There are 6 protein chains.
Amino acid sequence: MAVVIINPNSTASMTEAMLAQAREAAPGLAFEAWTSTEAPPAIQGAEDGAVATPPLLELVQRAADQGADGIMIGCFDDTALSEAAALASCPVIGIGQAAYHYAVMRHWRFSVVTTLAVSVPVIEQNIAAYGLGAFASRVRASEIPVLDLESDPAGSAKSVLEEARTAAAEDDIHAVILGCAGMLSVAQDVQASLRIPVVDPVWCAARWFNWHQA
Amino acid sequence: MAVVIINPNSTASMTEAMLAQAREAAPGLAFEAWTSTEAPPAIQGAEDGAVATPPLLELVQRAADQGADGIMIGCFDDTALSEAAALASCPVIGIGQAAYHYAVMRHWRFSVVTTLAVSVPVIEQNIAAYGLGAFASRVRASEIPVLDLESDPAGSAKSVLEEARTAAAEDDIHAVILGCAGMLSVAQDVQASLRIPVVDPVWCAARWFNWHQA
Amino acid sequence: MAVVIINPNSTASMTEAMLAQAREAAPGLAFEAWTSTEAPPAIQGAEDGAVATPPLLELVQRAADQGADGIMIGCFDDTALSEAAALASCPVIGIGQAAYHYAVMRHWRFSVVTTLAVSVPVIEQNIAAYGLGAFASRVRASEIPVLDLESDPAGSAKSVLEEARTAAAEDDIHAVILGCAGMLSVAQDVQASLRIPVVDPVWCAARWFNWHQA
Amino acid sequence: MAVVIINPNSTASMTEAMLAQAREAAPGLAFEAWTSTEAPPAIQGAEDGAVATPPLLELVQRAADQGADGIMIGCFDDTALSEAAALASCPVIGIGQAAYHYAVMRHWRFSVVTTLAVSVPVIEQNIAAYGLGAFASRVRASEIPVLDLESDPAGSAKSVLEEARTAAAEDDIHAVILGCAGMLSVAQDVQASLRIPVVDPVWCAARWFNWHQA
Amino acid sequence: MAVVIINPNSTASMTEAMLAQAREAAPGLAFEAWTSTEAPPAIQGAEDGAVATPPLLELVQRAADQGADGIMIGCFDDTALSEAAALASCPVIGIGQAAYHYAVMRHWRFSVVTTLAVSVPVIEQNIAAYGLGAFASRVRASEIPVLDLESDPAGSAKSVLEEARTAAAEDDIHAVILGCAGMLSVAQDVQASLRIPVVDPVWCAARWFNWHQA
Amino acid sequence: MAVVIINPNSTASMTEAMLAQAREAAPGLAFEAWTSTEAPPAIQGAEDGAVATPPLLELVQRAADQGADGIMIGCFDDTALSEAAALASCPVIGIGQAAYHYAVMRHWRFSVVTTLAVSVPVIEQNIAAYGLGAFASRVRASEIPVLDLESDPAGSAKSVLEEARTAAAEDDIHAVILGCAGMLSVAQDVQASLRIPVVDPVWCAARWFNWHQA
């Protein structure tokens, strides 16, 4: 079958962008991408995550029942990741989880640049729960709402870049992780202007399935 | 309104037993109790917990919308506790969470006696996530399936007591926490035969709402 | 008998204020309040805490011998809390301990606003020792000496509020804990001007005894 | 160029076996394998690791200078991993590191079955340093010396399997990690007789380079 | 002046034995030794420690006031160590603290063999609070009451040795720490029969003052 | 024989300065000092540390073979400390390790003032690996290159002092640790102008050998 990317929010254009990005990142693998149509248009903070959980788990169960080779949770908050993994025998990877582990395995100390401050505690708790807190310097908010990343990519890239530069200057780090699935629209611009590696979480999660033997 | 006890599994007799226990524990408070009818009959391990999460969160949302004074998640695994709490502005308490914090605030080092081994990793991860791992000695399985607690209370009490005695003898502890909502059927018998305190999680969670000012 | 509030410092007016606050918070419980007359007038930093420990433990022993239903250590530093708890079979609660656990059980990430910088390391060590460091953002000093809280409540409230506002703006938190028993004089003013909950530690500790079954 | 597998011990037959295993695991990648001829014939415990470090780092430097696409440290102790990574801009992966991260990303709680007890503290410290201690149950010694794995594969497989079965029965785990590069000789036999997944560290590390974009 | 050894229990013969041991361990330093006459005859568990704290802190204050060059808390529980240190500007060292740090600085993973099980949680909490939990394997009780160490040294040595041997065989350690001030009576016998180093806490604490420049 | 100070960098004047400092700190002990002539002139960051490791371990092995009474790793990064300790049965002490443990045993919360930002992650990882993170406030870079400490002691002292003053003002600490072997040239000047203790790591490590019984 394929690796199913599940976008836990209901914005289909983000689902499409993730699918294109995954296919580019891991051309040898088959991907399809589903949108959680009953969910909020963006997941910003713990409450949005909770509302998005039931329809997400339904899709996870469906993908598992259909024999998915793998499942990617396409939100940097790794929405309901452990619950999703318990439903499926195939690998279930969150894009945040993939980015942190990749950075840590490269021996990189990192900061995260995410969208709004309301997501910061969620991300910090995830990193701590994965045991990787010692490798993270700071989780920083660029104060760009998720949906602005699509509607105003140029303005968004500027704000994200500014925060990423501050991180590179102040945080004693080797890499910056972009903390939102929607940031792949700005990833190239940010990388072009930054002297340290920029980790795109969708790229990381897509290529992860090359590790696992399908 | 009232404190709503939500049983994340579909066994209505357990819901009724929790409601009776809560009313006895905190007679000054109003309780009602709901059963998650779409869930498995018992939650044993991470997979059952994942399946039980979507219908549970629906009930949590409904309780919050109806103006519940508080919400109690009636499973010792604290199923989807952080997601549930993000949906409601009233207090949302898990019965496991209540039991651990009560023991720790009494300066008690504790062990847990639960049902099946498949629940042990879930419980250990919860204790660690709450930051309370240093106060827990061991999580022990009595190998009693959840539903046997109702169908064979005498036999179950004997097995639970045996494991609790081993814990008291070997684990350098001050208290034993009963690690299943269904264990209130055996709590009195176990306490009667044990020299250290036995903490019933439903009792703990029900009385907790006396702390909070309704 | 009653719950005995022990003020580990020798300022009797603070004892009286705590007693009044406890009675208002938990009207169904009997409280009395004792002052540790051999102690310093305020406990600011580790040295004051050490000097205050012996007369405090004497009072704790006396309260336990007289059959107290509970003991509240009325200093936000939770002076000698574990030693006190080891002397008594009844519950022994510190007002700092109560505030942290309450916040954590409400799923609140918090900052503390205390009096002088000399108290910051003591408070940080307590939070770490209770295992709750992951839920605390920052411990902040308002640079108000303890006794100014009584002598200049208006000026103190202003300084505490200013620091609390900074915490709310910068610390990614859901609540502010007031880090001094004497701050109940300013708690209402601060809450009135802050958009997130303000946790008063004496209130928290007094109502805690409604959790425990006397 | 290629991914260079560096065997930090001087037993060339182990190097050859790792190379064959890597080529089978990741057929799309180019591998070569070097033996650290100045090192001890096996690395058992911290002292062997220290003696093996200088010639290992020399080889790492040489591989980096020659433009290796990646470097794999072929000892489960992840000998001098952080020092090696600091010398090279390409990815440097330890086979132990790869196995732990893979298990954790699959949401598996694991135990390790290694060779001699003298290696247990080294492995436990590595797991702790990577932040993954919460996901590891136990590190177990089968008391098979490293070189017996080659000279007596049948007898070794029996001992390793016995310890792996005990782990599966007692440790509340989802997977067993084989804790020695030399165990690939027994991996298939062990997996064939065990009901939970067996993770081979060389397989894990070889396929990891499919994650990274060469 | 001198380093003052304060025995927090009231058994003067233990005080004398510690003084003799300290003088032998650090012949270039001046020691005197005080007995806390108001304390219990032995400190076994948290309650004894709490009772012993007030008279201990009085002696610490007196030693500080008299210009002590250093203060040694002569109980392996490090009774009231942080409170004692806050009272004095000279170094204040606990014998448990000294033993753990010495072992850790020698790169030794250790187990502790103490007297009764009631002391185990106290010791485990101390090790955790000092940050050294990762270096400790187990805290083991020999079930010898403190005062038997003096009244029956031969029998005690046998029991302590047996537990130390079990530790050496099972705990993956480099050293055994004797977990009681009174164990210096058996230290030589135990060391003579054990293949790994035995750390005597009084020796460690006495010589520590050679580190500090008086 | 003697305690051998090994300077892991190739700047012989730093070796000489350390030797003089050690002899002054611990006049009763015999010291000699070796320079690692194959190493970089200064160790700034992880890459320098990795390059310096092989020649350092060779010298450690030589010292151990010649019967050294002790070995001091004379770089604040504690270069290859655990590998070095595994090679020798005598004590092997890093100057950073000695400084942290000394501060912690004095019950001091500390900050470190080091040279360049590139060293900050290395130092932070060491403190975390030793378990002492809870006692460290911040690791601060003065942006003085190591070799400037010798070539421009006056200017260096000014920059180090400025950063140390900021640490004393902002970090809630009891002591400042100078985070470079080369800072002994500025230690006296900094201490003279600072109100809290300044810990020199070479002094600390030299005197440590008075603890151990040669």
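Computed from a prediction, not measured in an experiment: that's the story for all the values here. Convention: sequence-line order gives letters A, B, ...; per-chain numbering from 1.
Scanning for side chain to side chain contact (heavy atoms under 4.5 Å, CB included) contacts around A:Ser82 gives an empty result, with sequence neighbours left out. Every residue two or more places apart in sequence or in another chain that forms a side chain to side chain contact (heavy atoms under 4.5 Å, CB included) with B:Ala17 is listed here: B:Leu184.
For the residue pair A:Ala80 and B:Glu83, the shortest heavy atom distance occurs at CA-OE2, 4.5 Å.
By the neighbour-count criterion of 12 heavy atoms within 6.0 Å, atom CD of A:Glu32 is densely surrounded, having more than that number from other residues, nucleotides or ligands. Around CD of B:Glu162, the count of heavy atoms belonging to other residues, nucleotides or ligands within 6.0 Å does not exceed 12. With a 6.0 Å radius and a threshold of 12 heavy atoms from other residues, nucleotides or ligands, B:Glu24 has its CD atom at or below the threshold. By the neighbour-count criterion of 12 heavy atoms within 6.0 Å, atom CD of A:Glu38 is sparsely surrounded, having that number or fewer from other residues, nucleotides or ligands.
When the heavy atoms of residues 53-63 of chain B are compared with those of chain A, the residues falling under 4.5 Å are B:Thr53, B:Pro54, B:Leu57, B:Gln61, listed by number. Below 4.5 Å, heavy atoms of chain A meet heavy atoms from B:Ala86, B:Leu87, all part of residues 86-122 of chain B.
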